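Only a predicted model underlies this, so the values are computations on that prediction, with no experimental measurement involved. Each chain gets a letter, A, B and so on, in the order its sequence line appears, and its residues count up from 1.
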There are 2 protein chains.
Amino acid sequence: MCEEGYAAVTSRRLGAEAGVNPQLIHYYFQSMDNLFLELWRRHTDRSLVLLSQAFISQSPLRTLWENSITARGASLAAELMALARHRKVLRAEIARTVESIRRMQTSALAGIMDEYGLTKSLGRPEILTVLITGMTRILVVEDELGISLGHADTRALIETWIDRLEPKARSGSGGPEKPKD
Amino acid sequence: MCEEGYAAVTSRRLGAEAGVNPQLIHYYFQSMDNLFLELWRRHTDRSLVLLSQAFISQSPLRTLWENSITARGASLAAELMALARHRKVLRAEIARTVESIRRMQTSALAGIMDEYGLTKSLGRPEILTVLITGMTRILVVEDELGISLGHADTRALIETWIDRLEPKARSGSGGPEKPKD
DNA sequence: GTCTATATAATGATAGAC
DNA sequence: GTCTATCATTATATAGAC
C-alpha cells in the first residue's frame, strides 16, 4: 500500500504476497472494505502506543517528531485517507478516530506547551498538533515520490527549534553517559 | 477525482459524465496514463498563473495563502500525488514539475522574506514554501474528509501572522477605498 | 468525430470439496 | 482452515461502420 498506492492492494495480490490463495483473504476479512477498516484500526492502535511512549519520554516533542517522521505511519495514514474518499465506510471511521486521537495528543501537548512557554506564541495546543501532523505528512509523502526540495532545510529548522526547547544532555569527554532511570 | 478519489475516475465514468461514449475518452487521450498526465499539466499551468498573480498583488503572502486554501488545487494535487504512487509515468513527471514550481515560488518568496525581515527567523526561503504547501494541503484534505479539529485555530494563527506582515489598508468612514493602479 | 461491437484482463465474492 | 472452481462485474483498449 505504501509502495504502490491503495489501488495495488487487491485480494489476489495479498494472497500471492502471503503465499496463500486469494480466497483466504475473504475468509478472514470478508470484504475489502472490512480489510481496510482492520488495517486502519491496527494503524491507530500503533499510533496510540507511539503517542503514549512520547509523553513519558524525557523529550516528548522530539520523540513525537521523530516517531512521526521516521515510521511508515505517516505514509500509511496518507494512503488510507486517500482511499477513504473512495470508500464510504472508511470515511466515517477515519474522520471519527482522527479527531479522537487528535484530542488526546492535544491535551498531552497542552501541558508541554505551558511548561515550555509556547502558549503565548502558538496559542491553543491543537495548533501544534495540526502543525506537526501536516509537516510530517508532506515531508514523508513527498520524499517517497522523489521530491526533496526544501526538505532538509525545513527539517533542520524544526529540529533546531526542538533542540532549543528540549536540549540534549551533553555527554562528558569519557563518552556518552546513560542517564539512570 | 476530488470528490470520490482517483479510483473513481474511469473512462466509463468520464464518458457518462460527459454524455458521450467511453470510447471517445480513448480517442482523445489514448490511455488513462496520458489522461492523468494531461490533467496534471492543466493543474500545474493553473498553479503557475495563480503564483504569478500572487506576486504582482499588493499582498503576495495573503494572496498566495488564500489561493492555496481556497482553490480545489490542493485537493487535486493531493489526489494526483496519491495516484502517482500507482502510475510510474505520473511519478516522474510530478516529481520533476513540483520541484520546478517550488524553485520559482522559492525565488519569488526570497524577495518577500527579505523585505519583511523574515530571513533571520525562518532561514532559507524554500522553508516557507514547504510550510505553506504542507499546511494548506492538510487543512484542505482533512476538511474534505470531515476532519476539522484544530483547523479554525490554525488558520487564525496563520492569518494573524500574515495580517501583521501585510496589514490590510484600513478604509475610511466613507466605505472601502479602491487603490488606484 | 461519434457510434457499435468486441477482445482481454483483472477485480470482489461465493459455493463446495477436502 | 485451505483448496478448486466459478460467477458477475468492471476495467482499458482496439477495430471498424457511419
Query raised in the report: Quick one: do B/Leu139 and A/Ile138 end up in the same hydrophobic cluster if we chain Ile, Leu, Val, Met, Phe, Trp and Tyr together by side-chain heavy atoms under 4.5 Å apart?
Result: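 Yes.
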Query - Ion pair B/Arg103/B/Glu126, N-O distance below 4.0 Å - result: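 Looking at B/Arg103 and B/Glu126, the cut-off is not met.
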Could you tell me the separation between the [atom1] atom of [X] and the [atom2] atom of [N], rounded to a whole number of Å?
X	N	atom1	atom2	result
B/Phe36	D/dA11	CZ	P	12 Å
A/Glu4	C/dA10	CD	C1'	15 Å
A/His86	D/dA11	NE2	C1'	12 Å
A/Leu37	C/dG12	CG	C1'	16 Å
A/Met32	C/dT11	CE	C1'	9 Å
A/Tyr27	C/dA17	OH	C1'	15 Å

For [X] and [Y], test the side chains for any donor-to-acceptor distance below 3.5 angstrom and give the result as yes or no.
X	Y	answer
B/Thr63	B/Ser57	yes
B/Thr136	B/Trp65	no
A/Ser59	A/Arg62	yes

Query raised in the report: What pair of heavy atoms forms the shortest contact from B/Leu61 to B/Glu166, and how long is it?
Result: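 Closest approach of B/Leu61 to B/Glu166, heavy atoms only: N-OE2, 2.8 Å.
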Report task. Of all the heavy-atom pairs spanning A/Leu157 and B/Leu122, show the shortest one and how long it is. Result ->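 A/Leu157 and B/Leu122 have their closest heavy atoms at CD2-O, 3.9 Å.
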Query raised in the report: Taking five pairs at each end, how big is the angle between the two axes of the helix from C/dG1-D/dC18 to C/dC18-D/dG1, to 10°?
Result: 0°
Requested in this report: Give, ordered by number, those residues of residues 10-26 of chain B having at least one heavy-atom distance below 4.0 Å to an atom of DNA chain D; if nothing qualifies, reply none.
Outcome: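 Under 4.0 Å from DNA chain D: B/Thr10, B/Ser11, B/Arg12, B/Gln23, B/His26.
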Query raised in the report: Base, sugar-phosphate, or nothing: which does A/Tyr28 touch, judged by heavy atoms less than 4.0 Å apart?
Result: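 Answer is sugar-phosphate: A/Tyr28 comes under 4.0 Å of backbone atoms only.
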**Report entry** Atom pair CG (B/Leu76) and OG (B/Ser47), whose distance is rounded to the nearest 0.5 Å
**Finding:** 8.5 Å
